Peer 1: 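Structure below; questions to follow.
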Amino acid sequence: MLGDYEKFKKSIYSLTQIDLSSYKENQMRRRIDTLINKNKIKSYEEYVSLIKQDKEKFEQFVNFLTINVSEFYRNVEQWKHLENVVFPDLIKRFGKNLKIWSAACSTGDEPYSLVMALSRHLPLSQIKILATDIDKQVIETAKMGLYNAKSIAAVPEDLKKKYFTKVGASFQISKDIKSRVEFKEHNLLKDTYPSGYHMIVCRNVLIYFTEEAKEEIYKKFNNALTKDGILFIGSTEQILNYKELHFNRNNAFFFSRDY
């Protein structure tokens with residue numbers, strides 16, 4: 001045993017503002033214990049001292065804590081529905097200056113996919129995506145825009161040819177796409193949410209949170225949307241009580257704010 005986990009959670013919150021109580025405990029504790037053992041540390045207390053003193057170890061901890069499994073056009077059928085049905089409807093109802101937020105954007109695959117999908121309907125100069133994540137390191141990776149072949153495998157061939165350049169074994173996304181995304185650090189559990197958005201995309205992230213934390217985040221997403229704005233969730237997620245949270249279910253993964 002590494003010691004008092006409750007005390008450790010409080011120490012981590014004061015250091016990072018990340019509330020570990022909002023994550024499923026067994027899963028999160030197992031991940032953290034693995035990292036601590038990897039660093040050959042014998043207790044939570046000793047590990048807290050280490051990350052207080054060592055910036056590199058602190059960044060390693062935040063990066064390890066953050067779930068970063070991402071790829072372009074993940075679950076292709078959902079992206080086809082977004083491109084063929086959702087985007088045309090949003091443009092029809094709200095005009096061409098859409099406000100779109102990619103929350104918990106990880107390494108940028110999702111916001112860049114949004115820009116490319118939206119470019120089928122609008123000139124790039126009219127597209128602007130807000131992309132946020134809690135992890136500073138993945139935001140830096142996203143800004144770099146360098147991906148492996150597996151990450152971009154599902155990108156439609158015409159967009160792949162148009163917007164990616166091969167660099168060794170990797171692929172660099174074009175500056176034209178990168179310039180349409182604004183990256184910011186944001187903690188879904190504690191930071192103020194932006195408002196007036198026509199669409200929020202947050203996929204395959206909230207499965208790692210407790211039911212209470214999920215409900216709170218969905219309420220905040222609802223408030224951040226305009227009336228009839230769309231929330232796009234991941235294939236691993238469900239919102240069973242969507243009516244109580246003031247959403248209409250458009251299909252399995254797209255919900256609209258109902259007031």
Side-chain angles (χ1 to χ4, degrees), residues 27 31 63-90 98 100-124 127-184 188 199-208 230-238 250-255:
Q27 193 175 17
R31 283 173 59 79
N63 190 43
F64 190 80
L65 212 57
T66 310
I67 312 299
N68 296 316
V69 181
S70 192
E71 60 193 50
F72 284 78
Y73 281 76
R74 188 175 181 187
N75 309 116
V76 172
E77 289 308 312
Q78 293 167 32
W79 284 87
K80 283 181 182 172
H81 182 77
L82 175 70
E83 198 175 291
N84 297 330
V85 178
V86 178
F87 278 155
D89 185 54
L90 286 174
L98 293 175
I100 298 175
W101 175 21
S102 173
C105 68
S106 188
T107 50
D109 314 46
E110 183 176 273
Y112 291 145
S113 294
L114 286 166
V115 176
M116 288 190 288
L118 199 48
S119 75
R120 304 276 205 201
H121 303 279
L122 298 171
L124 282 177
I127 300 170
K128 195 72 181 171
I129 308 289
L130 171 66
T132 64
D133 201 276
I134 194 173
D135 188 335
K136 187 161 59 180
Q137 282 183 295
V138 298
I139 287 176
E140 290 310 310
T141 300
K143 286 179 179 176
M144 198 184 306
L146 199 61
Y147 300 93
N148 61 30
K150 188 182 175 205
S151 285
I152 70 163
V155 176
E157 281 305 316
D158 62 318
L159 297 177
K160 206 181 286 185
K161 284 177 186 171
K162 191 173 183 180
Y163 294 123
F164 287 92
T165 306
K166 202 165 190 304
V167 182
S170 299
F171 295 83
Q172 174 77 58
I173 198 162
S174 80
K175 288 179 182 175
D176 290 342
I177 298 295
K178 284 206 284 187
S179 68
R180 307 326 302 163
V181 181
E182 179 188 11
F183 289 99
K184 287 184 177 178
L188 287 171
M199 183 175 196
I200 296 171
V201 182
C202 186
R203 307 178 70 232
N204 308 307
V205 174
L206 299 194
I207 50 167
Y208 300 102
I230 298 291
L231 174 65
F232 179 17
I233 66 170
S235 57
T236 57
E237 295 159 333
Q238 300 179 71
N250 298 359
N251 79 10
F253 310 108
F254 293 89
F255 295 78

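Only this structure's heavy atoms are used, side chains among them; waters, hydrogens and symmetry mates stay out. Given the structure is predicted, the values throughout are model-derived calculations rather than measurements.
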Peer 1: Measure the CD1-CG distance between Ile127 and Leu118 for me, rounded to the nearest 0.5 Å.
Peer 2: 4.0 Å
Peer 1: When Phe232 is tested against each of Asn250, Ile100, Val201, Ile200 for side-chain contact (heavy atoms from CB on, under 4.5 Å), which residue passes?
Peer 2: Val201
Peer 1: Would you compute the distance between atom CZ of Arg180 and atom OG of Ser119 and round it to the nearest 0.5 angstrom?
Peer 2: 11.5 Å
Peer 1: Should we say atom NZ of Lys161 is surrounded by more than 12 heavy atoms from elsewhere, each under 6.0 Å from it?
Peer 2: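 No, because the 6.0 Å sphere around NZ of Lys161 holds 12 heavy atoms or fewer from other groups.
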Peer 1: Measure across Pro88 and His121 and return the closest heavy-atom pair with its distance rounded to 0.1 Å.
Peer 2: CG-CE1, 3.6 Å
Peer 1: Would you confirm whether Lys143, through its side chain, and Lys178, through its main-chain N or O, come within 3.5 Å as a donor-acceptor pair?
Peer 2: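 No; judged by distance alone, with no hydrogens or angles, the pair does not exist.
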Peer 1: My understanding is that only residues two or more places apart in sequence, or in another chain, count here; which of them pass side-chain contact (heavy atoms from CB on, under 4.5 Å) with Ala252?
Peer 2: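 Once residues adjacent in sequence are excluded, the partners of Ala252 under the side-chain contact (heavy atoms from CB on, under 4.5 Å) criterion are Arg249.
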Peer 1: Checking Tyr73 now: which residues fulfil ring pair (Phe, Tyr, Trp, His ring centres under 6.0 Å) with it, not counting sequence neighbours?
Peer 2: Trp79
Peer 1: Is there a side-chain contact between Leu124 and Val115 (heavy atoms, below 4.5 Å)?
Peer 2: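 Result yes, sub-4.5 Å side-chain heavy-atom pair found.
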Peer 1: Just wondering, do Met199 and Phe87 contact through their side chains at under 4.5 Å, heavy atoms?
Peer 2: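 A side-chain contact exists here, since the closest heavy-atom pair is under 4.5 Å.
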Peer 1: Say you draw a straight line from CD of Gln172 to CD1 of Ile177; how long is it, rounded to the nearest 0.5 Å?
Peer 2: 12.0 Å
Peer 1: Kindly state each residue pair satisfying ring-ring contact (aromatic ring centres under 6.0 Å, His included) with at least one member in residues 138-165, sequence neighbours excluded.
Peer 2: Phe72-Tyr147, Phe72-Phe164
Peer 1: Using modelled atom types and a 3.5 Å cut-off, is there a donor and acceptor pairing between side-chain atoms of Glu237 and backbone atoms of Leu206?
Peer 2: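 A pair under 3.5 Å: yes.
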Peer 1: Check whether any side-chain heavy atom of Val86 lies under 4.5 Å from a side-chain heavy atom of His81, and answer yes or no.
Peer 2: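 Sidechains of His81 and Val86: in contact.
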Peer 1: Any Lys/Arg nitrogen of Glu83 or Lys80 sitting under 4.0 Å from an Asp/Glu carboxylate oxygen of the other?
Peer 2: no
Peer 1: Quick one: list whatever passes salt bridge (Lys or Arg N to Asp or Glu O under 4.0 Å) with Glu182, sequence neighbours left out.
Peer 2: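 Salt bridge (Lys or Arg N to Asp or Glu O under 4.0 Å) check on Glu182 returns Lys184.
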Peer 1: Do Gln78 and Asn251 have side-chain heavy atoms sitting under 4.5 Å apart?
Peer 2: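 No, their side chains stay 4.5 Å or more apart.
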Peer 1: Which value, rounded to the nearest 0.5 Å, describes the distance between Asp89 atom CG and Leu82 atom CG?
Peer 2: 11.5 Å
Peer 1: Suppose we screen for salt bridge (Lys or Arg N to Asp or Glu O under 4.0 Å). Which residues come up paired with Lys136, at least two apart in sequence or across chains?
Peer 2: Glu59
Peer 1: Quick one: side chain to side chain donor-acceptor pair (under 3.5 Å) partners of Thr141, sequence neighbours excluded?
Peer 2: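 Residues passing side chain to side chain donor-acceptor pair (under 3.5 Å) with Thr141: none at all.
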Peer 1: Identify the heavy atoms of Ser235 and Asn75 that sit nearest to each other, and give their distance.
Peer 2: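 Heavy-atom minimum between the residues: OG-OD1, 3.2 Å.
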Peer 1: What closest approach, in Å, do Asn148 and Phe171 show between heavy atoms, and which atom pair accounts for it?
Peer 2: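 That closest heavy-atom pairing would be C-CD1, 4.3 Å.
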Peer 1: What is the minimum heavy-atom distance between Pro111 and Ile129, and which atoms define it?
Peer 2: CB-CG2, 4.0 Å
Peer 1: How far apart are the closest heavy atoms of Ile152 and Lys160, and which atoms are they?
Peer 2: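 It is O-CE, 3.3 Å.
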Peer 1: Salt bridge or not for Asp109 and Arg203, using N-O below 4.0 Å?
Peer 2: no
Peer 1: For Asp133 and Ile139, which heavy atoms make the closest approach, and how far apart are they?
Peer 2: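 Scanning both residues, the minimum pair turns out to be O-CD1, 3.5 Å.
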Peer 1: So, do Tyr112 and Phe183 have ring centers that fall under 6.0 Å from each other?
Peer 2: yes
